Student: 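Right, I'll just put the structure down here and ask away after.
All values reported here derive from a predicted model rather than from experimental measurement. Naming: A, B, ... by sequence-line order, numbering from 1 per chain.
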Protein chains: 2
Amino acid sequence: MQDGEAEDLALLFKALADPVRVKLLNLIATAGEACACDFPAAVGKSQPTTSHHLSLLVKAGLLHREQRGKWAWFWVDQDRLGALRAALD
Amino acid sequence: MQDGEAEDLALLFKALADPVRVKLLNLIATAGEACACDFPAAVGKSQPTTSHHLSLLVKAGLLHREQRGKWAWFWVDQDRLGALRAALD
DNA sequence: AATACATTTCGAACATCATCGATATGATCT
DNA sequence: AGATCATATCGATGATGTTCGAAATGTATT
């Protein structure tokens, strides 16, 4: 296994190495897509904190973000999630 | 999703949120089982550092450890790895 | 353009983590 | 028991991560 591959994988795992982010991904994955406005209540954290975790998930490529009017919507990048699954074999 | 479930999953992901631990798990998984004596050279870290990472993987339940004479041997807990795979669906 | 609301960025406090040298513990052999 | 080698623990340091209040930015509506 190459150094670079291990680092890329570690970055993906790190993106999910927090309960808040696990909950967020689960929420969005099961809903198909979801509005940022619901997250603070759903995960029990402040609005800036949830925004921070969302941006980490987007940066890791696990989520996509789109502005729709006043609200921001998120959905899961299935390919990227598939890369994680594939890595566990 | 329950709070406890998200925390357990986050702990599993956190266990792999470091390139050294990704390499170690990959090494051990592909070899079937492996001796701790080879790890410092394989991952390019000191002996205390690799020992630290191994203990984290064992604590997370992803590895098993057994003393065989002078050396310690490790192998992957497939059930625990399967739990990770299952979580990504 | 002015207001209102949603979201991100900033700044700082606090906690956790990675790393390694030094030391301690455990295991084998003579 | 003493010597030797493998591994774990300790102590410390520098880096990284989580959290939130406050302020800045973006978006729509009037």
Student: Using atom CG of B:D18 as one end and atom C1' of D:dA15 as the other, report the distance to the nearest whole Å.
Tutor: 12 Å
Student: In whole angstrom, what separates B:K70's NZ from C:dC29's P?
Tutor: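 That distance rounds to 7 Å.
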Student: Output the rounded distance in Å from CG (B:L11) to C1' (D:dG17).
Tutor: 15 Å
Student: Among B:V76, B:L12, B:L63, find the residue that satisfies the side-chain contact (heavy atoms from CB on, under 4.5 Å) test when tested with B:L81.
Tutor: B:V76
Student: Would you mind reading off the distance between A:Q67 atom CD and C:dT8 atom C1', rounded to a whole angstrom?
Tutor: 10 Å
Student: Need one value for B:H53: base, sugar-phosphate or nothing, where a base atom within 4.0 Å counts as base even if backbone is also close, heavy atoms only.
Tutor: sugar-phosphate
Student: Between A:A36 and B:G69, who's closer to the 5' end of DNA chain C by nearest nucleotide?
Tutor: A:A36
Student: Distance check needed: C:dT25 C1' versus B:R65 CZ, whole Å only.
Tutor: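 So the two atoms are 11 Å apart, to the nearest Å.
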Student: Is the phosphate of C:dA18, meaning OP1 or OP2, less than 4.0 Å from a side-chain N or O of B:R21?
Tutor: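 Yes, such a contact exists.
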Student: Between the side-chain atoms of B:Q47 and the base atoms of D:dA6, is any donor-acceptor pair under 3.5 Å?
Tutor: no
Student: Hey, are the side chains of B:H53 and B:V43 touching, using non-hydrogen atoms and a 4.5 Å cut-off?
Tutor: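 Not touching, per the 4.5 Å side-chain cut-off.
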Student: Starting at atom CG of B:L56, determine the distance to atom C1' of C:dT16, rounded to an integer number of angstrom.
Tutor: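 Between C1' of C:dT16 and CG of B:L56: 12 Å.
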Student: Find which nucleotide of DNA chain C each of A:A72 and B:G44 is nearest to by heavy atoms, and output the residue with the more 5' nucleotide.
Tutor: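 First, find each residue's nearest nucleotide; the 5'-ward one identifies A:A72.
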Student: So does B:T49 get a side-chain nitrogen or oxygen closer than 4.0 Å to the phosphate oxygens (OP1/OP2) of C:dC20?
Tutor: yes
Student: Examine C:dA18: is either OP1 or OP2 under 4.0 Å from a nitrogen or oxygen in the side chain of B:H52? Give yes or no.
Tutor: yes
Student: Treating A:R65 as the side-chain partner and A:A72 as the backbone partner, does any N or O pair qualify as donor plus acceptor under 3.5 Å?
Tutor: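 Checked: no pair found.
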Student: State whether the side chain of A:S51 and the backbone N or O of A:Q47 hold a donor-acceptor pair below 3.5 Å, judged by distance alone.
Tutor: no
Student: Using the closest heavy atom to pick a nucleotide of DNA chain D for each, name whichever of A:P48 or B:P48 lands nearer the 5' end.
Tutor: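 Per heavy-atom nearest nucleotide, the more 5' residue is B:P48.
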Student: Can you measure B:R68 atom CZ to C:dT28 atom P for me and round it to whole angstrom units?
Tutor: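 From B:R68 CZ to C:dT28 P: 13 Å.
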Student: Closer than 3.5 angstrom, by distance alone: can the side chain of A:R21 be matched with the main-chain N or O of A:K14 as a donor-acceptor pair?
Tutor: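 Checked: pair present.
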Student: Would you indicate, yes or no, if D:dT19 has its OP1 or OP2 atom less than 4.0 angstrom from a side-chain nitrogen or oxygen of A:K45?
Tutor: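 A:K45 to D:dT19 OP1/OP2: side-chain N or O found under 4.0 Å.
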Student: Quickly work out the A:L54 CG to D:dT19 P distance and round it to whole Å.
Tutor: 13 Å
